[in-house]
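Shown next, in structure tokens, is the structure this report addresses.
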Protein chains: 2
Amino acid sequence: MTQVRPMRADARRNYERLLKAAAEAFAEHGENASLDDIAKRAGVGSGTLYRHFPTRQALLEAAYVDRIEALGLRADEIARELPPGEALIEWLYEVCVGTIEVRGLKTLLGSAVTDGSSAAVTACGTFMKDAAGRLVGAAQKEGTLRPDLEPVDVLRLAHGISTASELADGRGAHIRRYLLLLTEGLRP
Amino acid sequence: MTQVRPMRADARRNYERLLKAAAEAFAEHGENASLDDIAKRAGVGSGTLYRHFPTRQALLEAAYVDRIEALGLRADEIARELPPGEALIEWLYEVCVGTIEVRGLKTLLGSAVTDGSSAAVTACGTFMKDAAGRLVGAAQKEGTLRPDLEPVDVLRLAHGISTASELADGRGAHIRRYLLLLTEGLRP
DNA sequence: ACCTGAACACCGTTCAAGT
DNA sequence: ACCTGAACACCGTTCAAGT
């Protein structure tokens with residue numbers, strides 16, 4: 001994850017400026033914010049952006065890797081506060097809220113749990129699958145979760161719930177409702 | 001739905017050429033196919049495309065309105081073949097398959113069930129909600145579906161299942177599995 | 001009434017020249 | 001080693017001129 005060789009001082013400075021500018025731009029204009037605009041905000045040439053982040057995905061991941069890590073930590077925090085089954089649901093709720101609130105985070109998480117996703121997002125994909133795996137394992141041990149569920153399935157379904165909730169107003173109440181429907185099933 | 005005043009012969013010809021070219025281009029390059037390319041394929045000026053279809057959404061809807069209608073008809077066909085609860089699931093499966101196979105159809109159906117969607121897609125939104133409503137109503141009457149479910153909820157959840165399945169390989173087996181998890185719930 | 005296509009604005013990407 | 005920004009290609013959208 002960390003650099004093999006330390007960056008030159010000006011390179012490191014530009015890298016950080018780009019990250020800050022990218023986070024701002026993504027927040028303002030969504031995940032399709034103009035890369036040229038991001039370079040301008042950061043006060044660097046467009047070529048410099050490409051040097052540091054060869055693809056938009058790479059920039060997206062770098063801009064949100066800390067949010068991913070925060071979500072991973074939340075999994076264990078929640079696990080200490082609630083019984084396994086409830087903990088998983090609560091964590092999925094927070095994942096959904098996060099991916100809806102922070103534009104771009106959803107795309108990143110989506111490609112992270114995509115079958116055959118690129119190596120660039122494998123790192124945060126593994127991180128999320130591990131976090132989900134701990135909650136899934138505990139709930140299955142407790143007997144409140146289907147034993148045939150893989151962590152990646154749960155993450156994909158949460159992504160789907162986010163999408164469905166966004167079609168409604170995307171607010172917490174709808175996320176809770178659709179998550180409940182998923183956990184309890186559509187039968188009466 | 002139909003034109004108030006008949007189009008001039010050349011206008012009608014261009015309209016149909018544009019629709020054919022759009023369907024081809026969307027099939028080849030996805031929902032973001034170049035509008036300029038579509039105009040070129042159709043052998044018309046780009047201004048003509050904008051005259052007939054002021055927005056990309058409008059073109060998308062026009063190109064796939066027949067597919068939407070086919071899905072609506074399938075709802076009633078399936079209702080004659082299967083008991084209500086199974087019919088709904090089978091129909092949702094076909095909706096998911098269709099939205100994954102035909103790129104652009106998913107976007108269209110998504111915006112059709114979006115809260116506060118534009119008037120342009122209200123027509124096919126109403127059509128789909130009516131079709132879903134008939135299956136939902138029958139299943140609720142039968143007692144195999146939660147009584148608090150609205151047709152639009154079911155359509156949004158199906159959209160979410162499509163998204164989740166696409167993150168896997170997007171093939172039928174995954175759609176069936178994720179639909180089953182939704183209907184039966186995540187509990188053992 | 002409708003069509004054409006040039007013109008404009010904007011964006012992504014590359015790369016020669018510079019430090 | 002890294003940065004700059006001009007240059008190129010491409011796309012969406014508008015609109016004056018044409019039929």
Side-chain angles (χ1 to χ4, degrees), chain A residues 2-63 103-104 107-108 111 118 120-121, chain B residues 2-63 103-104 107-108 111 118 120-121:
Chain A
T2 50
Q3 292 292 323
V4 172
R5 206 161 46 74
M7 276 189 265
R8 220 168 66 176
D10 55 346
R12 160 121 236 121
R13 189 172 44 85
N14 285 339
Y15 181 89
E16 276 159 14
R17 280 190 185 173
L18 279 167
L19 269 192
K20 189 159 170 268
E24 281 174 22
F26 286 145
E28 273 180 43
H29 304 112
E31 63 186 78
N32 294 317
S34 160
L35 295 183
D36 199 58
D37 176 56
I38 291 175
K40 277 205 179 59
R41 276 177 198 246
V44 306
S46 49
T48 304
L49 187 152
Y50 283 94
R51 160 168 283 268
H52 287 294
F53 308 101
T55 67
R56 175 179 234 102
Q57 272 290 341
L59 183 56
L60 216 53
E61 179 176 44
R103 337 228 286 176
T107 312
L108 176 60
S111 51
S118 73
V121 293
Chain B
T2 50
Q3 291 292 322
V4 173
R5 207 162 45 75
M7 276 190 266
R8 220 169 66 177
D10 54 347
R12 160 120 237 120
R13 189 172 45 85
N14 284 339
Y15 181 90
E16 276 159 13
R17 281 189 184 173
L18 279 167
L19 270 192
K20 189 159 169 266
E24 281 174 20
F26 287 144
E28 274 180 42
H29 303 112
E31 65 188 78
N32 294 315
S34 160
L35 295 182
D36 198 61
D37 175 58
I38 291 175
K40 277 205 177 61
R41 276 175 198 247
V44 306
S46 47
T48 304
L49 187 153
Y50 284 92
R51 160 168 282 267
H52 288 294
F53 308 101
T55 66
R56 175 179 235 103
Q57 272 290 341
L59 182 56
L60 216 52
E61 179 176 43
R103 336 228 287 176
T107 311
L108 175 60
S111 52
S118 74
V121 293

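Every chain is numbered from 1, with letters handed out A, B, ... down the list of sequences. Since the model is a prediction, treat every value here as computed from it, not as a measurement.
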Does the pair B:Ile38 and B:Glu24 meet the rule for a side chain to side chain contact (heavy atoms under 4.5 Å, CB included), with working shown? CA-CA 9 Å; B:Ile38 291 175; B:Glu24 281 174 20; over 6 Å; no

Is the distance from OP1 or OP2 of [N] to the nearest side-chain N or O of [X] less than 4.0 Å?
X	N	result
B:Asn14	C:dC3	yes
B:Ser34	D:dC10	no
B:His52	C:dC3	yes

Please state how far atom [atom1] in [X] lies from atom [atom2] in [N], giving the value in whole angstrom units.
X	N	atom1	atom2	value
A:His29	C:dC10	NE2	C1'	13 Å
A:Asn32	D:dG12	CG	P	14 Å
B:Leu49	C:dC3	CG	P	11 Å
B:Asp36	C:dA7	CG	C1'	13 Å
A:Phe53	D:dC2	CZ	C1'	15 Å
B:Lys40	D:dG12	NZ	P	10 Å
A:Met7	D:dC2	CE	P	9 Å
A:Leu59	C:dC11	CG	P	16 Å

Donor-acceptor contact present, side-chain A:Arg56 to main-chain A:Glu31, <3.5 Å: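 Yes, A:Arg56 side chain to A:Glu31 backbone: donor-acceptor pair under 3.5 Å.
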
With side chains defined as the heavy atoms from C-beta onward, is the minimum distance between A:Val44 and A:Tyr15 less than 4.5 Å?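 No, side chains not in contact.
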
Do B:Leu59 and B:His52 come close enough that some side-chain heavy atom pair is under 4.5 Å?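 In short, these two side chains do not touch, never coming nearer than 4.5 Å.
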
Output yes when B:Glu16 and B:Arg12 qualify as a salt bridge under the 4.0 Å nitrogen-oxygen rule, no when they do not.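 Salt bridge flag = yes for B:Arg12 with B:Glu16.
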
Under a 3.5 Å limit for both distances, which nucleotide forms a Watson-Crick or G-U wobble pair with D:dA9, could you say?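 When the pairing criteria are applied, nothing turns out to pair with D:dA9, so the answer is none.
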
Pairing nucleotide - C:dT4, Watson-Crick or G-U, each distance under 3.5 Å: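 Partner of C:dT4: D:dA16.
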
When we call it a touch if two heavy atoms are under 4.0 Å apart, what does B:Thr48 touch: a base, just sugar-phosphate, or nothing?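 The residue B:Thr48 makes base contact.
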
Out of [options], which nucleotide sits closest to the side chain of [X]?
X	options	result
B:Ala11	D:dC3, D:dG12, C:dC3	C:dC3
A:Ser46	C:dC3, C:dG12, D:dA6	D:dA6
B:Leu35	D:dT13, C:dC2, D:dC3	D:dT13

If you assign B:Arg8 and B:Asp37 each to the DNA chain D nucleotide with the nearest heavy atom, which residue ends up on the more 5' nucleotide?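 Going by which nucleotide is closer to the 5' end, it is B:Asp37.
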
B:Gly47 vs B:Tyr50, nearer the 5' end of DNA chain D by closest nucleotide: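 Whichever sits nearer the 5' end wins; that is B:Tyr50.
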
Please tell me which of B:Arg51 and A:Ala33 maps to the more 5' nucleotide of DNA chain C, matching each residue to the nucleotide holding its nearest heavy atom.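 Upstream on the strand: B:Arg51.
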
